[in-house]
Amino acid sequence: MTEFTPVEAIIGGGLIGIASVLLMGLHGRIAGMTGILAGILPPFSADKGWRIAFLLGAITGPLAIFLITGAPVDFVNPVPLWAMVLGGVIVGIGVNYGSGCTSGHGVCGMARFSVRSIAATATFMLSTFITVYVVRHILGIF
């Protein structure tokens, strides 16, 4: 799935922006997916209701697109399960050290011109570029 899809990208980005602004305006919270997810895992956050609703919306979004348009949403993943689990663990460690993820820092923090978030997002992106280059071009995996 590497096609250039500007209309879908603009719509998706706009929806992410609207959701982030509404979450900040209505709940005073940053739309960082790891922070939202952490609030529904033990020890539970007192405000877990909106967190569950937010995550359910993110998960059921492709189903809603299918029901509205009738167009199937591709879920093609050429990466083996072990690599996804390993990647998730590595990302989890990075999120812990970075005090947040690219959704919180990249969408909300950069929109507030937070120097810390701009630095964190640049670090996340540089790490991603290096990892993809090493895994695909040097190691020849995937």
Side-chain angles (χ1 to χ4, degrees), residues 1-69 71-139 141-142:
M1 260 180 25
T2 59
E3 301 88 29
F4 180 59
T5 56
V7 173
E8 290 87 347
I10 290 169
I11 292 170
L15 290 172
I16 291 170
I18 290 168
S20 298
V21 168
L22 287 173
L23 187 60
M24 177 60 81
L26 298 174
H27 295 282
R29 304 297 303 201
I30 297 290
M33 293 302 283
T34 54
I36 293 170
L37 180 61
I40 64 168
L41 300 174
F44 299 109
S45 178
D47 59 351
K48 68 180 178 181
W50 71 262
R51 294 170 187 270
I52 292 170
F54 192 97
L55 291 170
L56 284 176
I59 292 167
T60 60
L63 176 62
I65 290 171
F66 173 71
L67 293 174
I68 292 168
T69 67
V73 179
D74 268 342
F75 286 110
V76 178
N77 184 12
V79 179
L81 181 61
W82 69 265
M84 289 191 332
V85 170
L86 177 62
V89 169
I90 292 169
V91 167
I93 293 168
V95 162
N96 189 41
Y97 282 114
S99 298
C101 59
T102 50
S103 56
H105 285 298
V107 174
C108 300
M110 288 180 60
R112 296 183 296 112
F113 300 110
S114 164
V115 174
R116 185 176 140 224
S117 289
I118 292 168
T121 303
T123 303
F124 296 153
M125 293 297 107
L126 180 61
S127 299
T128 302
F129 297 148
I130 291 169
T131 301
V132 169
Y133 182 81
V134 168
V135 168
R136 289 194 176 173
H137 300 288
I138 295 177
L139 299 177
I141 303 173
F142 315 119

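- Taking OG1 from Thr131 and CZ from Phe129, the interatomic distance works out to 11.0 Å, rounded to the nearest 0.5 Å.
- For Tyr133, the ring pair (Phe, Tyr, Trp, His ring centres under 6.0 Å) criterion is met by His137, not counting sequence neighbours.
- With sequence neighbours excluded, no residue forms a side-chain hydrogen bond (donor to acceptor under 3.5 Å, both in side chains) with Thr123.
- The CZ atom of Arg116 sits 10.5 Å away from the OG1 atom of Thr121 when rounded to the nearest 0.5 Å.
- Once rounded to the nearest 0.5 Å, the distance linking OG1 of Thr128 with CZ of Phe124 reads 9.0 Å.
- Atom OG1 in Thr60 sits 9.5 Å away from atom CG in Leu67 (nearest 0.5 Å).
- A search for side-chain contact (heavy atoms from CB on, under 4.5 Å) contacts involving Leu81 returns Met84, Val85, not counting sequence neighbours.
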Only pairs under 3.5 Å count here: list side-chain donor-acceptor contacts from residues 19-38, not counting sequence neighbours, and write none if there are none.
from, atom 1, to, atom 2, distance (Å)
Ser20, OG, Ile16, O, 2.9

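- Within the structure, side-chain hydrogen bond (donor to acceptor under 3.5 Å, both in side chains) pairs that include any residue of residues 38-58 comprise Ser45-Asp47, Asp47-Trp50, Asp47-Arg51 (at least two apart or interchain).
- Sorted by first then second residue, the side-chain hydrogen bond (donor to acceptor under 3.5 Å, both in side chains) pairs that include residues 89-106, not counting sequence neighbours, are His105-Ser117.
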